Amino acid sequence: MRFSKSFIHTLKEAPKDASLPSHKYLVRAGFISQVASGIYNFLPLGKIVLEKIKKITKEELDAAGAVEVQLGFVTPCELWEQSGRLAKYGKELLRFKDRKENCFVLGPTHEEMMVNLVRGRINSYKQLPLNLYQIGLKFRDEARPRFGLLRGREFVMKDGYSFHADEEDMKREYALMEETYKKIFSRMGLDFRAVEADVGAIGGSASKEFMVIADSGEDNIAICTQCDYAANVEAAKKAKRSEPSEVPEFSNFEPFLTPGIKTIEELKEFFHIDPYFLLKAVAKKALYEDGEEIVVFFLRGDQELQETKAMNAIEALELEDVSDEELKKAGIVPGFIGPYELGCKVVFDEELKGAKNLICGGNREDYHLIGADLAHFEDALFVDIKEVKEGDECPKCGAALQIKKGIEVGHIFQLGTRYSDALNATFLDKDGKARPFVMGTYGIGISRLIAAAIEQNHDDRGCIWPKEIAPFSVDIIVSNTKEKEQLDFAEELYGFLLQEGVEVILDDRPERFGPKIKDFELIGFPYGVIVGKGLRDGKVQVVDRKTLEKEDVDILNIKDYLLQLTKK
RNA sequence: CGGGGCGUAGCGCAGUCUGGUUAGCGCACCUGGUUUGGGACCAGGGGGUCGGGGGUUCGAAUCCCUCCGCCCCGACCA
């Protein structure tokens with residue numbers, strides 16, 4: 001492609017509404033432009049990258065035996081009613097009516113459509129398994145779209161759904177998809193981790209997220225520094241700790257006057273005790289489908305509550321903070337909350353099972369209880385509700401965990417029969433009995449990957465594209481297009497590389513050197529060839545975008561040099 | 001949805017508080033010339049419903065009402 005005819009328009013200044021590097025650079029370099037909140041145009045450069053990502057995804061999925069289809073973007077409300085998601089999905093579903101007053105939604109995901117497509121066509125266990133996928137637009141009317149392509153309302157997603165006769169076969173496919181996803185993201189040159197994820201209210205089955213490691217990520221993930229353990233903090237575990245060597249001795253279980261001493265920090269000072277032996281109470285308001293209640297979560301004093309775990313523990317839809325006033329109204333004494341005779345639901349962290357020699361709140365203003373032994377609460381709910389922190393021990397190997405930020409670019413899920421049940425999609429098994437399909441579902445954020453790649457690979461000059469998804473691998477810069485020798489040489493090199501199948505762009509614009517090299521750096525082509533003054537001495541310069549190092553190359557060798565460089 | 005901010009040329013902004021020539025600057029764009037290895041220079045030029053509607057006023061980008069859009073923090077969300 002010739003730069004002069006390519007509809008590439010770079011900007012010197014970033015649009016003011018961009019904040020993240022990927023957003024700024026993708027707009028400045030002319031990859032995308034904003035249409036409305038969370039909706040973007042893909043300009044020629046952006047389109048090339050998008051197609052490359054699609055292509056890699058398709059190749060690997062096809063190789064794994066999945067089959068591509070394309071479902072309607074506009075889907076009838078009826079299906080959503082059948083699955084029960086029309087109400088549940090809420091405002092994120094963009095609904096509208098056609099001229100005949102039929103209700104439709106713009107598909108935010110396609111479980112319903114895909115199940116509907118398969119039911120009636122697959123009738124026998126002999127036709128299973130089946131893995132169908134599509135790469136296409138999704139629309140979710142997000143409350144707050146942001147960060148450019150990272151969280152748009154309209155976005156490109158690959159979504160796949162597999163159908164199986166039994167759980168075991170579904171798990172086999174799930175493992176195959178995990179391997180396939182790893183191949184896909186590796187080919188794209190990304191630093192990523194497959195992490196264990198929260199399965200949430202759907203429950204029961206496993207789920208993994210694929211995270212591109214980047215500081216601007218919205219998810220926190222715990223990664224083992226030694227083994228391959230990695231998990232979203234919403235699901236991360238840590239190894240069981242051994243008790244501190246210094247155990248406090250309490251002769252009795254009794255109330256103790258602690259005037260105005262409320263926080264863990266204050267208690268630690270007051271009693272000169274390791275917070276390990278303090279019982280921390282975190283009160284939350286839990287919302288359920290049919291009401292709400294106050295729940296108190298207890299942890300050791302040196303731990304923090306992980307809200308997603310806590311929410312799952314009591315099967316709540318949501319947890320909200322409670323004010324001191326609300327607590328008092330419920331007869332709870334903020335600052336002095338303990339498990340004894342507390343008039344609400346309590347949950348203990350699993351680490352507290354059988355714990356003793358504790359200090360806990362006395363449920364009475366200015367009193368704590370010392371020498372508490374949780375053996376009294378044997379029948380209470382003990383589950384993992386604590387947040388994993390930097391430096392905690394890995395549950396698999398015991399080495400230190402580190403916490404990093406990640407951008408979720410893929411998610412695989414053992415779905416089970418949730419949708420096939422709801423939509424009555426069944427097949428006949430060997431015994432001629434009708435059974436619901438056992439399903440898996442697998443997603444990749446295709447357009448989000450464009451932004452994620454740049455969040456991970458950029459410097460203060462612009463994008464640094466991984467080679468596999470870069471728009472063009474070589475940018476031939478003609479330093480001065482009025483110098484006939486330069487232009488002729490560049491044209492010849494351009495023709496040669498095209499013929500050799502190298503993805504090359506020729507910067508033949510009648511600009512000076514400055515803007516051209518700036519654009520090279522901003523757009524982030526992997527290699528630049530500067531055809532300029534050095535030509536007199538029989539040299540051109542090759543620039544590596546990543547290192548910004550320049551190397552003089554003899555014009556007699558440049559063709560081989562470039563072929564070598566861009567060879568896959 | 002709660003809190004904050006913004007809306008003036010394709011992009012970035014000044015002007016608004018304190019109403020008053022023809023609404024200005026940088027970049028980009030067009031013409032001519034010079035220049036040509038790190039976002040050139042000189043001269044000339046084109047481009048504006050000042051987000052929309054309503055109001056106050058002799059007079060509104062500027063004051064008031066209202067609607068819309070966009071961004072940020074949070075809540076939410078795969």
Side-chain angles (χ1 to χ4, degrees), chain A residues 9-20 23-24 27-28 30 33-40 88-93 107-111 138-148 150-153 155 157-159 197-202 207-211 217-219 232 234 285 287 307-308 311 317-321 406-413 415 441-448 461-462 477-483 486-487 507 509-522 528-536 539-541 543 548 550 552:
Chain A
H9 295 97
T10 59
L11 301 170
K12 254 191 211 180
E13 283 163 303
K16 65 168 181 192
D17 46 13
S19 54
L20 291 190
H23 191 187
K24 282 186 195 162
V27 173
R28 273 192 61 202
S33 74
Q34 185 169 13
V35 181
S37 179
I39 304 176
Y40 291 85
K88 211 183 150 196
Y89 226 100
K91 288 188 183 165
E92 283 196 17
L93 267 181
T109 173
H110 282 98
E111 279 85 1
K138 296 280 179 275
F139 194 93
R140 292 180 192 168
D141 200 356
E142 292 267 359
R144 194 176 154 215
R146 61 188 120 170
F147 306 144
L150 283 179
R151 182 171 294 275
R153 291 194 292 172
F155 56 98
M157 183 173 166
K158 170 261 155 181
D159 50 325
D198 169 42
V199 291
I202 298 171
S207 157
K208 277 195 180 180
E209 295 165 331
F210 292 79
M211 296 281 185
E218 293 189 83
D219 290 275
N232 192 310
E234 290 177 354
K285 194 187 330 177
L287 306 186
E307 288 206 17
T308 303
M311 215 165 73
L317 296 177
E318 207 175 309
L319 287 186
E320 284 183 356
D321 290 339
I407 299 168
E408 184 195 342
V409 294
H411 198 171
I412 58 175
F413 206 100
L415 199 54
T441 178
Y442 321 96
I444 292 179
I446 300 287
S447 48
R448 180 182 277 185
R461 301 189 186 195
I477 297 170
V478 186
S479 181
N480 182 351
T481 46
K482 287 200 178 153
E483 296 281 340
Q486 291 184 19
L487 197 57
D507 196 344
R509 294 174 298 171
E511 296 287 338
R512 294 162 56 111
F513 177 73
K516 292 187 181 182
I517 192 80
K518 288 285 182 199
D519 279 347
F520 162 75
E521 287 163 353
L522 177 62
V529 180
I530 302 170
V531 180
K533 286 195 299 205
L535 206 58
R536 282 182 233 132
K539 305 272 188 201
V540 292
Q541 264 186 328
V543 196
L548 293 173
K550 292 177 183 168
D552 286 322

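Since the structure is predicted, the reported quantities are computational estimates derived from the model, not experimental observations. Chain A is the first sequence line, chain B the second, and so forth, proteins listed ahead of strands; every chain is numbered from 1.
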Enquirer: Using atom C1' in both nucleotides, what's the gap between B:G51 and B:A60 to the nearest angstrom?
Expert: 16 Å
Enquirer: Roughly how many Å apart are B:G38 and B:C1, using the C1' atom of each and rounding to a whole number?
Expert: 49 Å
Enquirer: Rounding to an integer number of Å, can you tell me how far A:D17 CG sits from B:C73 C1'?
Expert: 16 Å
Enquirer: Ignoring backbone atoms, establish whether A:Q486 has a side-chain N or O less than 4.0 Å from OP1 or OP2 of B:G37.
Expert: no
Enquirer: Taking the P atom of each, how far is B:G26 from B:G33, in whole Å?
Expert: 24 Å
Enquirer: Heavy atoms, side chains only, cut-off 4.5 Å: are A:K516 and A:T481 in contact?
Expert: yes
Enquirer: With rounding to the closest Å, how many angstrom separate the C1' atoms on B:U66 and B:C25?
Expert: 33 Å
Enquirer: Could you tell me how far B:G39 sits from B:A75 if I compare only their C1' atoms? Round to whole Å.
Expert: 43 Å
Enquirer: Across the strands shown, which category fits A:G534 at heavy-atom distances under 4.0 angstrom: base, sugar-phosphate, nothing?
Expert: base
Enquirer: Checking A:E142 side chain against A:R144 main chain: does a donor-acceptor pair fall under 3.5 Å?
Expert: no
Enquirer: Separation of A:R144 atom CZ from B:C77 atom P, in whole Å?
Expert: 15 Å
Enquirer: Using side-chain heavy atoms (C-beta onward) and a distance below 4.5 Å, is A:I530 in contact with A:I517?
Expert: yes
Enquirer: Contact class for A:G443 (heavy atom, under 4.0 Å): base, sugar-phosphate, or nothing?
Expert: nothing
Enquirer: Separation of A:E13 atom CD from B:A28 atom P, in whole Å?
Expert: 10 Å
Enquirer: More 5' along RNA chain B: A:V35 or A:A143, using each one's nearest nucleotide?
Expert: A:V35
Enquirer: Please classify the nucleic acid contact of A:K138 as base, sugar-phosphate, or nothing, using heavy-atom distances under 4.0 Å.
Expert: nothing
Enquirer: In this structure, how many angstroms lie between the C1' atom of B:C77 and the CG atom of A:D198, rounded?
Expert: 13 Å
Enquirer: Heavy atoms from C-beta onward define the side chain here; which of B:G37, B:A40, B:C70 lies closest to that of A:F513?
Expert: B:G37
Enquirer: Would you mind classifying the nucleic acid contact of A:S37 as base, sugar-phosphate or nothing, using non-hydrogen atoms under 4.0 angstrom?
Expert: sugar-phosphate
Enquirer: Within this structure, what is the CG-to-P distance between A:D519 and B:G37, rounded to whole angstrom?
Expert: 17 Å
Enquirer: Counting the atoms with a prime plus P, OP1 and OP2 as sugar-phosphate, which does A:P515 contact under 4.0 Å by heavy atoms, base, sugar-phosphate, or nothing?
Expert: base
Enquirer: Can you tell me if A:R28 uses its side chain to pair, donor with acceptor, with the backbone of A:L11 under 3.5 Å?
Expert: yes
Enquirer: Counting the atoms with a prime plus P, OP1 and OP2 as sugar-phosphate, which does A:D219 contact under 4.0 Å by heavy atoms, base, sugar-phosphate, or nothing?
Expert: base
Enquirer: What nucleic acid atoms does A:E320 come within less than 4.0 Å of, heavy atoms only: base, sugar-phosphate, or nothing?
Expert: nothing
Enquirer: Nearest-Å distance, CD (A:E511) to P (B:C27)?
Expert: 14 Å
Enquirer: Go through B:G74, B:G38, B:C11 for me and flag the one nearest to the A:R146 side chain.
Expert: B:G74
Enquirer: Taking only the side-chain heavy atoms of A:K16 (C-beta and beyond), determine which of B:G12, B:C73, B:G38 contains the nearest atom.
Expert: B:G12
Enquirer: Using only heavy-atom distances, decide whether a donor-acceptor pair under 3.5 angstrom links the side-chain of A:K12 to the base of B:G10.
Expert: no
Enquirer: Students often get this wrong, so: under 4.0 angstrom with heavy atoms, is A:I477 touching a base, only sugar-phosphate, or nothing?
Expert: nothing
Enquirer: Quick check: closest heavy atoms across A:F139 and A:I39, and the distance to 0.1 Å?
Expert: CE1-CD1, 4.1 Å
Enquirer: Mind checking the C1' distance from B:C17 to B:C63? Whole angstroms is fine.
Expert: 11 Å
Enquirer: Name the nucleic acid region contacted by A:E209, choosing base, sugar-phosphate or nothing; use a 4.0 angstrom heavy-atom cut-off, strictly under.
Expert: base
Enquirer: Between A:S19 and B:C72, is there a side-chain N or O to OP1/OP2 distance below 4.0 Å?
Expert: yes
Enquirer: What is the distance from CG of A:D141 to C1' of B:G69, rounded to the nearest Å?
Expert: 14 Å
Enquirer: Of the nucleotides B:C73, B:G39, B:G37, which has the atom closest to the A:Q541 side chain?
Expert: B:G37
Enquirer: B:U36 base to A:K516 side chain: any donor-acceptor pair below 3.5 Å?
Expert: no
Enquirer: Categorize A:A18 for me: base, sugar-phosphate, or nothing, with a 4.0 angstrom heavy-atom threshold over every strand shown.
Expert: nothing
Enquirer: Any idea which heavy atoms bring A:M211 and A:G406 closest together, and the distance?
Expert: SD-C, 3.9 Å
Enquirer: Apply the test side-chain hydrogen bond (donor to acceptor under 3.5 Å, both in side chains) to residues A:D519 and A:T10: give CA-CA distance (whole Å), side-chain angles for both, the deciding distance (0.1 Å), then the verdict.
Expert: CA-CA 7 Å; A:D519 279 347; A:T10 59; 2.9 Å; yes
Enquirer: To the nearest Å, how far apart are A:M311 CE and B:A75 C1'?
Expert: 13 Å
Enquirer: Which one is paired to B:G2, where only Watson-Crick or G-U wobble pairs with both distances under 3.5 angstrom count?
Expert: B:C73
Enquirer: Of the candidate nucleotides B:U36, B:C11, B:G38, which contains the atom at the shortest distance from the side chain of A:L11?
Expert: B:C11
Enquirer: Mind checking the P distance from B:C64 to B:C6? Whole angstroms is fine.
Expert: 14 Å
Enquirer: May I ask which nucleotide in the shown strands pairs with B:C41, Watson-Crick or G-U wobble, both distances under 3.5 Å?
Expert: B:G33
Enquirer: Assign A:T109 to base, sugar-phosphate, or nothing according to its heavy-atom contacts below 4.0 angstrom with the strands shown.
Expert: nothing
Enquirer: Between B:G37 and B:G32, how far is it from one C1' atom to the other, in whole Å?
Expert: 26 Å
Enquirer: Which distance, rounded to the nearest 0.5 Å, do you find between the OG1 of A:T441 and the CD of A:E111?
Expert: 4.5 Å
Enquirer: Would you mind telling me which of B:U35, B:G37, B:G39 lies closest to the side-chain atoms of A:K533?
Expert: B:G37
Enquirer: More 5' along RNA chain B: A:R140 or A:T481, using each one's nearest nucleotide?
Expert: A:T481
Enquirer: Once you apply a heavy-atom cut-off of 4.0 Å, does A:R151 come out as touching a base, just sugar-phosphate, or nothing?
Expert: base
Enquirer: Side chain of A:R151, backbone of A:R146: donor and acceptor closer than 3.5 Å?
Expert: no
Enquirer: Paired with B:C27 by Watson-Crick or G-U wobble geometry, both distances under 3.5 Å: which nucleotide is it?
Expert: B:G10
Enquirer: Is A:E142 touching bases, backbone alone, or none of the nucleic acid, heavy atoms closer than 4.0 Å?
Expert: base
